[in-house]
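Worksheet: one structure, shown below.
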Amino acid sequence: MTTANIIDGKAAAARVLAQVKTDVAALRERGVAPCLAVILVGQDPASQVYVRNKVLRAEECAIVSIEHKLGAHTTQADLLGLIHTLNADPAVHGILLQLPLPRHIEEIAALEAISPLKDVDGFHSENIGGLSQGRDVLAPCTPTGCMQLLRDTLGDLRGLHAVVVGRSNIVGKPMAALLLRADCTVTVLHSHSQNPAALCRQADIVVAAVGRPRMIDAAWLKPGAVVIDVGINRIQDGDRTRLVGDVDFDSALPVVRAITPVPGGVGPMTIALLMQNTLTAAQRQALTDPQPEAPCLSIS
Ligand code: GUN
């Protein structure tokens, strides 16, 4: 079987990371060591894996990473206290608060406490608003990674009809904003959309981000569409579990122009873009930090 129409997210991520490594080295030459603080509250097993992967990837890029593992019963006040400390620490350039949070902590209050300049997830309302206005802010990693894969596959996206399936704050909504910024015609489908398969069949680009295993099959896809599958769903397969996307890959593959696999598609790009955002945050803070004062020569 040809693999020409399978989008290689690992290779794309490796290209992003290679550039990040080069740029981190240049920043270190100037005396700035980019630093990412990662906060994990509780013991959610999937979150623990994600955090470990983020820390490992940071090390590979020579980005300093500091893990803050807090107990499941940490109070909101204690979490906000830690965030404020990290905001004020000039050695910390990026702060990532792993989601989901335990139910007793208000997610929005915690995300809003992170300084927008250090918000490497791009979830702060100031960054979300800036993204909608087309400003060059820190944008969410997964949608930014999807855009990179789409540009690698299609080049110019102008005028194409993109259908985003799902309207989450983390993926669906920022994805729609980025596609609009790239001059696509954008449709967002959600649980109340009528006849979603027929609407999706009109799309040149499909971004699936619903979190329902293999919901989208060939009947939803126009021949020649490019499909980006953001879903990471754990399903039981006999006596073991495996990962599948929101798209039924085997049914879609013969129909599409190109499609991301799960795993190995969007996932690696998300972490690569987190490293890119940490570097960008460090570069911007290094530019705005007050430089040590030059000795003053007085001429009498
Ligand atoms: N949990 C699932 N996805 C994400 C993400 O992109 N960022 C954070 N902080 N938590 C997540």
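Whatever order the structure lists them in is the order used to number ligands and atoms, beginning at 1.
- Residue-to-ligand polar distances keep T142 apart from ligand 1: every N/O pair is separated by 3.5 Å or more.
- Between the side chain of E112 and the backbone N or O of S125, at least one donor-acceptor pair lies under 3.5 Å.
- The closest protein non-hydrogen atom to atom 3 (N) of ligand 1 is I170 CD1, 4.5 Å.
- Going from atom CG of L243 over to atom CG of D237 covers 11.5 Å, rounded to the nearest 0.5 Å.
- A distance-only check finds no donor-acceptor pair linking the side chain of R30 to the backbone of A286 [under 3.5 Å].
- When heavy-atom distances to ligand 1 are checked against a 4.0 Å cut-off, L99 comes that close through both its backbone and its side chain.
- Using a non-hydrogen distance threshold of 4.0 Å, F123 registers as a contact of ligand 1.
- At a threshold of 4.5 Å between non-hydrogen side-chain atoms, the residues L70 and D78 do not count as touching.
- The closest protein non-hydrogen atom to atom 8 (C) of ligand 1 is D121 OD2, 3.3 Å.
- Contact annotation: the side chain of V230 never approaches that of M175 to less than 4.5 Å [non-hydrogen atoms, C-beta and beyond].
- Listed for the K54 side chain is no donor-acceptor partner under 3.5 Å among the backbone atoms of L36.
- Residue-ligand proximity, Q98 to ligand 1, at heavy-atom distances under 4.0 Å covers atoms 1 (N), 9 (N), 10 (N), 11 (C).
- Which parts of ligand 1 touch L97 is read off a 4.0 Å heavy-atom cut-off, strictly below it: atoms 8 (C), 9 (N).
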